[in-house]
Protein chains: 2
Amino acid sequence: MKLTTRGRYAVTAMLDLALNGDKGPISLAAISQRQDISLSYLEQLFAKLRKNDLVASVRGPGGGYRLSRCREQINVADIISAVNESTDSTSCQGKGDCQKGEACLTHHLWDGLSHQIHDFLSGISLGSLTEQNEVRRVSERQISAAEETVVNAEALNL
Amino acid sequence: MKLTTRGRYAVTAMLDLALNGDKGPISLAAISQRQDISLSYLEQLFAKLRKNDLVASVRGPGGGYRLSRCREQINVADIISAVNESTDSTSCQGKGDCQKGEACLTHHLWDGLSHQIHDFLSGISLGSLTEQNEVRRVSERQISAAEETVVNAEALNL
DNA sequence: TGTTTACCCGACTAAAAAGCTTGGTTATTT
DNA sequence: AAATAACCAAGCTTTTTAGTCGGGTAAACA
């Protein structure tokens, strides 16, 4: 499984949705602000998330995104696969033709590792993440930081 | 843990050493031929493997590399860390200062995953890999392919 | 109706990493 | 001395990542 910041961004954004999306859709602008991810990069990620039916969009003022299923039914492996369109560690995408049409020496090793990682991540749902104390604490900090920014902006007459 | 082809190459090369290095040192040229990895790229990888004391070198004709310990005492995680000099999935290298000095929402998740991958890979030694039937089969194919190349070269008066 | 909000989409770019090349030097053996 | 193979350092090419820009289009609301 390919683990890059791309997947991290996607999971973080989806977790933001799970945490803050109880009362209506969440705009990418809000996620961008809370999670420090560039808006247009988020747009690209959410295009893929939408194609993979993990989120649904609501257009127009007050619009944004919401999870397309309940948070217990979306796991981390789903999210990473959606934005990476690849879930394994082998160079041959599990086909076994890594060396001139045949399996390379370590093909089985990477194959096993891919499964290991996938199993681990698919056992973790957005729901279970939102229940973690650590996550809640960080989330609350982010919300107050965002509110503070709004207050500051108002004080400056913006 | 960072999983790229770099780590794959390194593990493959080390496994080649474990499989073929019973009778004296193995040259990088031989590994390059058998495993389809560019010689100078191998040189770079082995420089790191040597610094991390996973291999020892013998210079001069007939020289090459050998494992610095017996193959049961070298595991896959060691090898990957040696060439990547990084073993975790978090963006902050486990420090927890991913977002403006504080832990980001998913810090714990990546931290857990890192451990999961590391545990899996550190449980697999070069010794145990060499005992796998699949690995033996592929290895034998590679050796005969290499010999064939030599025969062909001789036939062409090279 | 028109303006605002926010999704949608494609192309483009900067920067980093990965993979590989070139061109040497040094140690050892034959 | 010649051949071999490790050692070393720049630099290059390709790919991936992260992000920008500039335009859309759909929906809400005043």
Side-chain angles (χ1 to χ4, degrees), chain A residues 1-13 17 20-21 24-33 35-68 80 83-86 89 91 93 98 104, chain B residues 1-13 17 20-21 24-33 35-68 80 82-86 89 91 98 158:
Chain A
M1 184 154 215
K2 218 159 121 200
L3 296 170
T4 65
T5 51
R6 166 121 106 254
R8 268 199 294 274
Y9 278 162
V11 174
T12 302
L17 259 193
N20 301 299
I26 300 292
S27 72
L28 293 187
I31 299 178
S32 168
Q33 192 196 18
Q35 306 303 336
D36 255 342
I37 308 173
S38 101
L39 177 60
S40 35
Y41 199 44
L42 275 177
E43 286 184 344
Q44 288 174 39
L45 296 178
F46 273 78
K48 295 185 178 186
L49 293 171
R50 201 171 63 98
K51 270 178 206 144
N52 284 269
D53 202 39
L54 294 175
V55 295
S57 63
V58 180
R59 303 182 84 162
Y65 286 93
R66 55 181 180 76
L67 300 180
S68 64
I80 295 183
V83 296
N84 276 338
E85 45 243 15
S86 152
S89 305
S91 58
Q93 287 80 45
C98 349
C104 72
Chain B
M1 184 156 215
K2 219 160 120 197
L3 296 170
T4 66
T5 51
R6 166 124 106 252
R8 269 201 293 274
Y9 278 161
V11 174
T12 303
L17 258 194
N20 301 299
I26 300 291
S27 72
L28 293 187
I31 299 178
S32 167
Q33 192 197 16
Q35 306 303 335
D36 257 343
I37 308 173
S38 100
L39 178 59
S40 36
Y41 198 45
L42 275 177
E43 287 184 345
Q44 289 171 37
L45 296 179
F46 273 77
K48 295 186 177 185
L49 294 171
R50 201 170 63 96
K51 270 180 207 142
N52 284 269
D53 202 39
L54 294 175
V55 296
S57 65
V58 180
R59 301 182 82 162
Y65 287 91
R66 56 182 178 74
L67 300 180
S68 63
I80 295 182
V83 296
N84 276 339
E85 45 245 12
S86 152
S89 305
S91 58
C98 347
L158 299 174

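In what follows, every chain begins at residue 1, and chains take the letters A, B, ... in the order their sequences are listed.
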In whole angstroms, the gap separating C1' of dT16(D) from CG of Leu45(A) amounts to 14 Å

Donor-acceptor pair, Arg6(B) side chain versus Val83(B) backbone, under 3.5 Å? yes

Atom CD1 of Ile26(A) and atom P of dT5(C): how far apart are they, to the nearest Å? 17 Å

Distances under 3.5 Å between nitrogen or oxygen atoms of protein and nucleotides 23-27 of chain C:
residue : atom : partner  : partner atom : Å
dT26(C) : O2   : Arg59(B) : NH2          : 2.9

Are Arg66(B) and Val55(B) close enough that some pair of their side-chain heavy atoms sits under 4.5 Å apart? no

Taking only the side-chain nitrogens and oxygens of Ser57(A), find out if one of them lies under 4.0 Å from OP1 or OP2 of dC8(C). yes

Does OP1 or OP2 of dC21(D) have a side-chain N or O of Tyr41(A) closer than 4.0 Å? no

What is the separation between atom CG on Leu39(B) and atom P on dT21(C), rounded to the nearest whole Å? 9 Å

DNA chain D: Ser38(A) or Val58(B), which has the more 5' nearest nucleotide? Val58(B)

Spacing of Asp36(B) atom CG relative to dC20(C) atom C1', expressed in whole Å: 14 Å

Between Ile37(B) and Gln44(A), which residue's closest nucleotide on DNA chain C lies nearer the 5′ terminus? Gln44(A)

Counting only side-chain N and O atoms of Tyr9(B), is one of them less than 4.0 Å from OP1 or OP2 of dC20(C)? yes

Quick one: pull up CD1 in Ile26(B) and CD1 in Ile31(B) and give me the separation to the nearest 0.5 Å. 7.0 Å

Arg6(A) CZ to dA16(C) P, in whole Å, measures 18 Å

Under 3.5 Å, side chain of Ser32(B) to main-chain N/O of Ile37(B), donor-acceptor pair present? yes

Atom CD in Gln33(A), atom CG in Leu28(A): separation rounded to 0.5 Å? 13.0 Å

On the 0 to 90° scale, with breaks at 30° and 60°, tag the Tyr65(A)-Phe46(A) ring pair as parallel, tilted or perpendicular. tilted

What integer distance in Å separates Leu28(A):CG from dT20(D):C1'? 16 Å

Take the protein atom NZ of Lys48(A) and the nucleotide atom P of dC9(C), then report the distance between them rounded to whole Å. 13 Å

Which is true for Phe46(B) with a 4.0 Å heavy-atom rule: it touches a base, it touches only sugar-phosphate, or it touches nothing? nothing

When rounded to whole Å, the CZ to P distance for the pair Arg8(A) and dT17(D) reads 12 Å

With sequence neighbours excluded, tell me which residues meet side chain to side chain contact (heavy atoms under 4.5 Å, CB included) with Ser68(A). Asp53(A)

